[in-house]
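Here the structure is laid out as structure tokens; the discussion comes afterwards.
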Amino acid sequence: MTPLADVVAASRAVAGTSSRSSKVATLAALLRRLDPDEVSIVTGFLSGIPRQGRVGVGYSTIYGVEPAPGPEPSLAVRDLDQAITDVKAATGSGSAARRRDVLAQLLTRATSDEADFIRRLFTGELRQGALAGIMVDAVAKAAGVPAELARRGYMLSGDLTRTAEIALADGESGLRGVGFELFRPVLPMLASTADTVADALAGFARASVEWKVDGIRIQIHRRGSDVRVYTRNLNDVTEALAGTVDAVSRLHFEQAVLDGEAYRGETFLFDLLHADGDDLLDVPLEQRSSRLAELAPELKIPGTFTSDTREAERLLDDALAAGHEGVVVKDAASPYAAGRRGKAWRKVKPVRTYDLVVLGAEWGHGRRRGRLSNLHLGARDASTGEFVMVGKTFKGMTDELLAWQTQELLAREVARRGIAVLVRPELVVEIALDGVQASTRYPGGVALRFARVKRYRPDKPPEEADTLDELRALM
DNA sequence: GTCAGGTATATAC
DNA sequence: CTCCGACTGATTCGG
DNA sequence: CCGAATCAGTCGGAGGTATATACCTGAC
């Protein structure tokens with residue numbers, strides 16, 4: 001019976017160091033001390049996601065409950081796990097009150113350190129610097145198995161707590177038994193980024209160049225008439241994607257696992273991980289792709305295999321002309337590396353930049369505490385000369401830039417509103433973005449998508465900033 | 001009792 | 001989703 | 001030849017936009 005206080009202490013120790021090996025050692029030592037049935041519970045706590053998943057309690061609920069902290073640690077790991085289960089079980093009318101009840105009783109028994117841990121666990125803000133990646137290594141170390149083997153188990157099962165249980169109970173042989181199975185989604189392979197098609201092709205003898213469609217990444221499993229669709233976080237979204245289910249149901253095979261993108265009711269497939277009994281994860285992409293072309297010629301995403309930069313660029317132009325984001329360039333010889341963001345897949349998206357005006361900024365948290373971080377960005381309204389807020393960003397800033405802008409913005413302060421400092425609209429900043437979308441939140445009716453700072457433009461006065469109409473034209 | 005609107009949560013990008 | 005920064009492990013450099 | 005410097009890869013953490021759903025509350 002492990003006290004919750006041990007877990008809280010380990011979390012503190014982990015948060016207190018930036019050394020990954022030290023985090024792993026601390027976590028592994030804790031895992032080794034646990035009772036077998038506590039392993040999945042604690043693995044979840046320490047990777048920031050309880051084994052029950054999200055249970056419908058967020059910031060507002062958990063910080064709305066404030067009983068006086070207990071003096072002595074008395075909670076066990078299982079008590080917190082049981083409370084989370086109880087909270088999840090509360091649904092329907094009056095459920096919010098029942099949830100608060102369960103939480104109040106729990107927190108009454110917690111010391112202030114424990115209560116703090118519990119609150120951050122519910123809000124997903126554990127911020128101890130150890131999520132799934134570190135936990136996998138800790139599990140391997142605790143179980144005395146190679147890290148690669150634990151990692152493989154995690155990738156193939158998509159389930160960290162289960163992987164931990166298997167590793168600690170059955171060790172190496174248990175993990176080797178974890179295989180690819182239908183209706184148990186694997187973590188999707190991810191892409192890194194490249195600035196140009198030529199950069200992306202570099203180092204590949206031969207590459208697949210495919211449209212990059214901006215929809216929802218999906219993994220589809222089918223056996224006979226049974227079809228399930230999963231998102232990149234392995235959530236089951238079958239019910240929401242009836243069109244995809246229909247389209248895949250019509251294909252001529254008995255069973256398969258497909259990777260693709262759902263976009264406006266259409267389904268674009270770009271990979272095949274399993275087909276009628278054959279696991280294809282370790283087969284080169286070009287073979288998976290040609291087999292996919294046989295199974296699903298109608299649904300296969302537009303693309304081609306080539307080593308010619310010109311041809312790849314033509315495909316990029318086609319994709320953009322068709323209104324899509326760009327292309328993904330993939331090594332034709334690469335296996336399907338579940339869960340990895342490797343260099344074998346590289347996405348190429350053109351970047352647009354705009355010169356916008358800083359209207360204010362918000363104080364940062366964590367490592368950005370004491371710095372003005374999140375910028376409020378305005379576009380110029382050509383008809384009035386006023387500046388209209390169109391979005392925020394905190395991305396693309398180095399520590400040096402953060403320090404500089406804090407100083408410059410405070411010198412232009414005109415008011416404070418909550419955590420925001422509003423400033424005279426004098427500084428122009430060059431912002432890169434993926435596009436704009438219609439907004440109900442902002443007065444101009446447009447919002448920036450994935451805005452990030454490129455650099456400040458001290459050479460440019462605010463009257464020359466880009467206009468609202470120019471942004472609207474992107475919609 | 002029913003319905004509309006607001007708040008909170010969760011999950012896509 | 002996107003970016004920066006810290007750490008790690010592998011490889012190259014230099015005395 | 002071995003320790004120091006360099007480099008690439010990995011991970012965490014900073015927080016943006018949207019939409020969908022469930023529940024609660026207040027008006028009628």
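In what follows, chains carry the letters A, B, and so on, assigned in the order in which the sequence lines appear, proteins first and then strands, with residues in each chain numbered from 1.
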Where chain A begins and ends its contact with DNA chain D, read 5' to 3' at 4.0 Å from heavy atoms:
D:dG9 to D:dC24

Do the numbers put A:Arg346 on top of the ring of A:Phe204, so that NZ or CZ is under 6.0 Å from the six-membered ring centre and no more than 45° off the axis?
yes

Applying a 4.0 Å non-hydrogen cut-off, can you work out what A:Thr393 is touching in the nucleic acid: base, sugar-phosphate, or nothing?
nothing

For a quick check under 3.5 Å, do A:Ser373 and A:Glu362 share a side-chain donor-acceptor pair by atom type?
no

If each of A:Arg127 and A:Ala97 is mapped to the nucleotide of DNA chain D with the nearest heavy atom, which maps nearer the 5' terminus, i.e. the 5' end?
A:Arg127

Could you verify whether a donor N or O on one side chain and an acceptor N or O on the other, from A:Glu470 and A:Thr467, lie under 3.5 Å apart?
yes

Quick check on salt bridge (Lys or Arg N to Asp or Glu O under 4.0 Å): which of A:Arg452, A:Arg352, A:Arg449 does A:Asp434 satisfy it with?
A:Arg452

Parallel, tilted or perpendicular, as decided by the 30° and 60° cut-offs, for the rings of A:Phe268 and A:Trp211:
tilted

Please list each protein N or O that sits under 3.5 Å from an N or O in nucleotides 11-13 of chain B, with the distance.
unit_1: B:dA12; atom_1: OP1; unit_2: A:Thr231; atom_2: OG1; d: 3.2
unit_1: B:dA12; atom_1: OP1; unit_2: A:Asn235; atom_2: ND2; d: 2.9
unit_1: B:dA12; atom_1: OP2; unit_2: A:Thr231; atom_2: OG1; d: 3.4
unit_1: B:dA12; atom_1: OP2; unit_2: A:Asn233; atom_2: ND2; d: 2.9
unit_1: B:dA12; atom_1: OP2; unit_2: A:Asn235; atom_2: ND2; d: 3.1
unit_1: B:dC13; atom_1: OP1; unit_2: A:Arg217; atom_2: N; d: 2.9
unit_1: B:dC13; atom_1: O3'; unit_2: A:Asp214; atom_2: OD1; d: 3.1

Whole angstrom value for the distance that separates C1' of C:dT2 from CZ of A:Arg352:
16 Å

In short, ring pair (Phe, Tyr, Trp, His ring centres under 6.0 Å) pairs touching residues 400-453 of chain A with sequence neighbours left out are A:Trp404-A:Tyr456

Rounding to an integer number of angstrom, what distance separates D:dG15 and B:dA12 when you compare their C1' atoms?
16 Å

When you compare the side chains of A:Ser19 and A:Ser21, does any donor N or O come within less than 3.5 Å of an acceptor on the partner?
yes

Reckon A:Ala451 touches a base, only the sugar-phosphate, or nothing at all at heavy-atom distances under 4.0 Å?
nothing

When you compare the side chains of A:Thr43 and A:Thr161, does any donor N or O come within less than 3.5 Å of an acceptor on the partner?
no

Nearest nucleotide by nearest heavy atom, which residue falls closer to the 5' end of DNA chain D, A:Lys395 or A:Ala130?
A:Ala130

Just to be sure I understand the geometry, which residues of residues 13-31 of chain A put a non-hydrogen atom under 4.0 Å away from DNA chain C?
A:Ser18, A:Ser19, A:Arg20, A:Ser21

Per the under-4.0 Å heavy-atom filter, residues of residues 334-350 of chain A near DNA chain C come out as A:Lys347, A:Lys349

Name the one of A:Arg12, A:Arg120, A:Arg119 that satisfies salt bridge (Lys or Arg N to Asp or Glu O under 4.0 Å) with A:Asp113?
A:Arg12

Sorted by number, the residues of residues 142-162 of chain A with heavy-atom contact under 4.0 Å to DNA chain C
none

